[in-house]
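Worksheet: one structure, shown below.
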Amino acid sequence: MKKPTNYKIPEDDFLAMRPEVLAGWPTGQRVDLAEALEYHSSLAAEKNMVNRLQQALKKGETLTQPRAGVALPEELKELLTFLHQEGEADVLPTTIDSYTRQNQYREADRGIEESRHEERSMLNGFPAVNHGVEVCRDVIESIEVPLQVRHGTPDSRLLAEITLAGGFSDFEGGPISYNIPYAKKVSLEKTLRDWQYVDRLVGLYQERGIDINREPFGPLTGTLIPPSTSHAVAILEALLAAEQGVKYLSLGCSQNGNMVQDIAAIDTLEELAEKYLSSEGYSDITISTVFHQWMGGFPQDEAKAYAVISWGAATAALSGATKVIVKTPHEAMGIPTKEANADGLKATKQVVNMMKEQSFDQGEKLDREKQMIRQEVAQILSRVKEIGEGDWCQGVIRSFEAGILDIPFAPSRYNSGRVLPARDNNGAVRYLDSGELPFDSEIMEFHDNKLAERGEFEEREASFQMVIDDIYAIGKGMLIGRPRE
Amino acid sequence: MKKPTNYKIPEDDFLAMRPEVLAGWPTGQRVDLAEALEYHSSLAAEKNMVNRLQQALKKGETLTQPRAGVALPEELKELLTFLHQEGEADVLPTTIDSYTRQNQYREADRGIEESRHEERSMLNGFPAVNHGVEVCRDVIESIEVPLQVRHGTPDSRLLAEITLAGGFSDFEGGPISYNIPYAKKVSLEKTLRDWQYVDRLVGLYQERGIDINREPFGPLTGTLIPPSTSHAVAILEALLAAEQGVKYLSLGCSQNGNMVQDIAAIDTLEELAEKYLSSEGYSDITISTVFHQWMGGFPQDEAKAYAVISWGAATAALSGATKVIVKTPHEAMGIPTKEANADGLKATKQVVNMMKEQSFDQGEKLDREKQMIRQEVAQILSRVKEIGEGDWCQGVIRSFEAGILDIPFAPSRYNSGRVLPARDNNGAVRYLDSGELPFDSEIMEFHDNKLAERGEFEEREASFQMVIDDIYAIGKGMLIGRPRE
Amino acid sequence: MNQNRVPTVVLGVIGADVHAIGNQILEYALDEAGIEAVNIGVMSSQQEFVEAAVETGADAIWVSSLYGHGEMDCRGLRDKCVEAGITDILLYVGGNLVIGKRSWEGVKDLFLDMGYDRAYPPGTRPQEAIDDLWQDLVEQRESKDVVSSLD
Amino acid sequence: MNQNRVPTVVLGVIGADVHAIGNQILEYALDEAGIEAVNIGVMSSQQEFVEAAVETGADAIWVSSLYGHGEMDCRGLRDKCVEAGITDILLYVGGNLVIGKRSWEGVKDLFLDMGYDRAYPPGTRPQEAIDDLWQDLVEQRESKDVVSSLD
Ligand code: B12
Ligand code: B12
């Protein structure tokens, strides 16, 4: 098989690939593109995600969205309705279970059965492939707002076919962001190809007049990811998607906890994505932004969890993100009850509503953070392009091999795992060890100095113990993992 | 009786007044100054509030403090211990019940009895006068951190005598702040005199080497108070206290919800208080600051209440206030259970801990807010001094008569009640009607313009309906009370 | 109730309670609704409520209690009304009536048992009580009409 | 357990679970404690755990499950160990073992009944389990000593 390169799959080639994909599970047979397009046209405009996001962009809203998914459709409808009505969620997800994410549809079937039998969800999400197109449509029809598929599936071709035909108008993930943090042995060659398929499918809908939004998964491993790392990935995935005909993209990252750095992250993400997309010749793309409330370990105490949630909501509002993905007071313990999920949403909504008319002085500190992110992203992406000899697909593959792209704490064996992040003395996330990231000495010194400053303050060397302390910190009530006395 | 003037009560005069005060209720007989001083000296340094506040000032901490008080001492000890241990409160209060606040000691006795009988607190606070010195000391001894008396008592002379002798090292209130928002028919002449007594008593402790902190009640009616109004009152009360020998003062105000304005408020409060104190010749005073989480109507929903609490905590931390007074998720419903009280504290602590190393760009917006507050306070206070012919006591009395001092929504008949506040289009609190406040045209125009801007946006005139909408807004999930569609 | 007269409500905050804001809003809302509002303000005793009601020939008394002592402060108001000869006057009560967050049903029964006609939980919109008032006044008049037609 | 040998623990994350961070920290903590850590990483099957344990002559298997499918994934591991002839190997399990926030006592019993020696709730500090391990190993040795002295 040819190595994947960043070219738009010709429609005929694409259509030739479809039967095999759809044969992956019996429910695939039901998918019919023409009929699906018609179905989308028949849906009210309010149920289309692109429509809702455009509106938010225009009005400067920050929309709230939960994570939520259970094994059975009736329960899913009840859950989503509750989150919309009681939780005041602006847009809704359907989170897919972990078996489906691994294409283990047989295990998912077992999970469905066990869930029916035990009368509680034995799956951590909704196995949309097993349920099939009609069941998805039944869900879509019963909910008043647009739905997005959220998953973490390296090979989501069949999932995309079924859920898009099922009426979903937004699909999360990407070849890097749903591989490196979500898999151990899946090669980037494979995911790059599989996501070209997904993006091409979205492009097909788009070309035929149905707006579908795509959202790379910004947070990656969710834990102390320096903004330039997640930005580089998000922009690469945006470029790859754009090539296949995707027109609407939500790009995001997760809260790190230092407000200035977090605001700088959202600001630059939009700015840089637009810059790269247009300089690469994709000029009619609409970008919205997504801010994830803290994605690492949460405090077990619910009151403290509310604090983390609210602080994330405040940052989202101040950064002007188009959407905020909401955590719940049960986060550290397990998949939330619908009530706990609604509580996270309500707390977020209250803060967003109270902040939406407010803005801050933006001065030197913010400028400096933005400038650092811009430089770091530029240096990473120019090396990626260079090593790929102008091809972004090859660039991604070779960059991960060489550690030019390197995601902290990721389980994938295709990730070199040399980069170590840690917080500086103000809680901003820096590179403690930048591994093989292609940074110049100015950037390296900046990070080294920042961490030396903290080391001095704490009277210890910056080391892996510091990283561990930072991983635990928010769960233990702090932002920075100070040494224990 | 002579009109009150701002002079230091001679010690002999003061001692001559004491017997009558102490005769106010049988427990007064037990108070013995010399013995009380000895008792304070015997207490561990950690139990002294001044000590703790100095430490916080030095380290740049923001201490957390709840409101809490129940009828019976055993329950009070249990409650306070819980709030310290489980709620991680840094310093603790004892909130006094409303009968004691009105010197209705007989009703308080009935409340104690009913509480014993019903086995739940039938009083909204701790009737310290009825319980007396020994019971107070028993409470002090069982708690590891310093305790402050929080009340709302126009005439708190006996309460101060008993609680200070009982080992409390911090006493809240003042002649204006515990009169105008807390009483209907009590004259300022009376409260000015009664608080001279209280401050003189504190001065006596101070002169004899026992540090006692005094805290004017910053929030006043707690609802949409423009910073210059509460600052003017806080500074006046600081000046009056300083004259009587008070050396340690915590000055505060409550959150209004616009972060820039709130930070400006805390910044200028400290700055202006120091300026006025030293220009009036009180140079050895230590000022700390207190930020109250939103003091107006709360959302009933607990998740939303957490959001308001957390947002207040964030503002407190960013403003660098020495202490934050914490609300609870039960606020809209009733006096919180000890668990709910601890929950508010824990959420606050989490935010404060996550924010404490962070700071912001401070630019033009903040400067402008600060500049407005400085000018407004200067204009009010210079009129107060002028109309008092150089005497601050007389200045206060005449200013309230003339509406030069005027507290929105206050129940007192000594308040002219012409001032109406409302939020501008960014949620900052402005003067919709500045009544007789002695502002120059520049200031008036500033406020008018701000409110006109909002009026235009909302397509309605700024009116009392806007004020009502703002009063309800936070309780209904918004900062600004927009017209209903 | 005189058929052509604007109805009159005496309102105030009972006991040692100084919560003034809701009281000011209630007065404004009654005014806007075309009801004569006699506001005796905060810190009002039972006696003051009754006197004001007698003096103004009020149709209803609206008692607020926010600060938690409502249970102790509100007991006995109906008796005082009866003593003063305004036996049938409508008594409404609202606010944060008891100490702490308790189930509303229990609290409501407590106050209805004390002789109040209606009780309102925290967060009640004034309009709700105003609607109730019009309805109660109509019913009262109808039942009086029945009585007088039986004369 | 060989008296002079450094104890060996096989650790990994079971099923389709990719939560890698706790696993990395556990490995580091075991290392620091002077225990040989054989980390088979995330997404490991029961078979992989057993094979690694047999191969390395491990004293214990530490299974992590975070993502909620622990109940389905962990069932049967003890049987597989017995089949593979490592009947007495210590089996510890920890993480967010079930879906949702459930009472820990119930969850613990569920996993002990499945044949695990110890189960740990979310938020367990690695040191706690390391202390338990040392203790369990001593006890195991003592009971083996008793057995061998009876031979
Ligand atoms: C970071 C994170 C992620 C990252 C993981 C990145 C990566 N590859 O590692 C991402 C974003 C990719 C992710 C994905 C998912 N996640 Co996740 N995730 C988390 C989160 C926020 C933190 C986990 C973490 O790193 N903690 C820090 C480490 C140090 O702690 P730890 O993992 O708990 O491990 C410690 C202890 O538990 C203990 N321990 C663990 N195992 C063992 C074993 C033994 C023997 C012992 C002694 C001790 C022990 O020691 C460890 C070290 O101290 C948790 C919630 C939380 N805890 O706040 C959710 C959480 C674990 N995730 C959850 C879920 C459901 C998912 C998803 C299915 C997605 C979803 N619903 O949206 C996918 C699953 C993908 C998959 N196939 O596995 C749920 C699990 C629900 C449940 N059990 O009911 C949680 C609890 C969140 C929630 N409340 O919904 N997640
Ligand atoms: C602002 C406020 C204050 C201000 C009041 C300033 C002033 N003079 O008005 C200050 C700071 C001075 C204050 C003091 C105290 N307060 Co206060 N205060 C509040 C707060 C935050 C808002 C009240 C408010 O203005 N709401 C907005 C208005 C518009 O709403 P409202 O008052 O509820 O009134 C509306 C409805 O209830 C209804 N309504 C009211 N009465 C009636 C009657 C009828 C017939 C009808 C139909 C409807 C109706 O209509 C009104 C208009 O919409 C509330 C908590 C909350 N609600 O969030 C606590 C609260 C009322 N206070 C409380 C307490 C305990 C006190 C203190 C004892 C202090 C303390 N513990 O620290 C003192 C009491 C002093 C005294 N002697 O009364 C408690 C009462 C506890 C309880 N019942 O269990 C509360 C609930 C806070 C709490 N959870 O602890 N307080």
Side-chain angles (χ1 to χ4, degrees), chain B residues 70-71 97-104 107-108 110-111 114-115 118 120-125 152 154 180-186 221-224 296-302 328-337 340 408-413 415 417 464-465 467-468 471-472 475-476, chain C residues 11-33 39-46 48 64-76 94-108 110 120-128:
Chain B
V70 286
D97 71 291
S98 289
Y99 292 134
T100 301
R101 294 168 184 220
Q102 304 304 324
N103 313 100
Q104 299 173 350
E107 279 81 352
R110 186 157 59 93
E114 285 203 30
S115 304
E118 301 258 329
R120 62 188 163 98
S121 184
M122 296 294 287
L123 293 178
N124 58 10
I180 305 299
Y182 280 98
K184 184 169 154 180
K185 303 178 188 176
V186 181
T221 51
T223 305
L224 304 176
F298 248 65
Q300 296 203 2
D301 182 86
E302 295 192 18
T328 83
H330 284 184
E331 177 63 14
M333 301 309 290
I335 291 192
T337 57
F409 313 116
S412 171
R413 63 170 58 148
N415 188 60
F464 192 61
Q465 188 56 48
V467 180
I468 293 183
I471 289 173
Y472 284 130
K476 300 196 168 295
Chain C
L11 76 160
V13 187
I14 202 165
D17 192 336
V18 301
H19 289 90
I21 294 153
N23 170 260
Q24 291 170 37
I25 292 184
L26 286 176
E27 177 181 347
Y28 183 81
L30 286 166
D31 271 357
E32 291 283 288
N39 192 353
I40 60 171
V42 304
M43 301 187 86
S44 296
S45 65
Q46 295 193 351
E48 289 169 296
S64 292
S65 177
L66 285 307
Y67 71 154
H69 292 181
E71 202 173 337
M72 291 195 280
D73 293 339
C74 294
R75 221 176 271 145
N96 299 75
L97 293 173
V98 292
I99 289 190
K101 186 169 180 169
R102 275 161 64 186
S103 116
W104 172 242
E105 282 315 307
V107 174
K108 186 176 163 183
L110 185 68
Y120 297 91
T124 305
R125 277 272 190 181
Q127 194 53 48
E128 198 182 308

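In what follows, every heavy atom counts, from backbone to side chain, and hydrogens, waters and symmetry copies are set aside. Note on naming: letters A, B, ... go to the chains in the order of the sequence lines (proteins, then strands), and numbering restarts at 1 for each one.
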Got a sec, which residues hit side chain to side chain contact (heavy atoms under 4.5 Å, CB included) with P154(B), two or more places apart in sequence or on another chain? A183(B), V186(B), T191(B)
Hits for side chain to side chain contact (heavy atoms under 4.5 Å, CB included) against E114(B), two or more places apart or cross-chain, chain-then-number order -> R110(B), M122(B), M72(C), R75(C)
If I take atom [atom1] from residue [X] and atom [atom2] from residue [Y], how far apart are they, to the nearest 0.5 angstrom?
X: K101(C); Y: T328(B); atom1: NZ; atom2: OG1; result: 9.0 Å
X: Y99(B); Y: D73(C); atom1: OH; atom2: CG; result: 4.0 Å
X: I468(B); Y: E32(C); atom1: CD1; atom2: CD; result: 7.5 Å
X: S98(B); Y: H19(C); atom1: OG; atom2: NE2; result: 8.0 Å

Mind listing the closest non-hydrogen atom pair of [X] and [Y] along with its distance?
X: T221(B); Y: I21(C); result: O-CD1, 3.8 Å
X: Y472(B); Y: R125(C); result: CE1-NH1, 3.7 Å
X: I99(C); Y: I335(B); result: CG2-CB, 4.1 Å

Chain B: which of G22(C), G41(C), P121(C), G100(C) shares the most heavy-atom pairs with it under 4.5 Å? G100(C)
Partner chain B: residue of D17(C), N23(C), I25(C) with the largest heavy-atom pair count (under 4.5 Å): I25(C)
Top contributor to chain C contacts, counting heavy-atom pairs under 4.5 Å, from Q104(B), Q102(B), R413(B), M333(B): M333(B)
Would the distance check show the side chain of H69(C) and the main-chain N or O of N124(B) forming a donor-acceptor pair, the cut-off being under 3.5 Å? yes
Check each atom of [X] against the heavy atoms of chain C and say whether the ones under 4.5 Å are side chain, backbone, both or neither.
X: R101(B); result: neither
X: T337(B); result: neither
X: P411(B); result: both
X: P181(B); result: backbone

Are K184(B) and V18(C) packed together at the side-chain level, in the sense that at least one heavy-atom pair is separated by less than 4.5 angstrom? no
Take the angle between the ring planes of Y28(C) and F464(B) and call it parallel below 30°, perpendicular above 60°, tilted in between. perpendicular
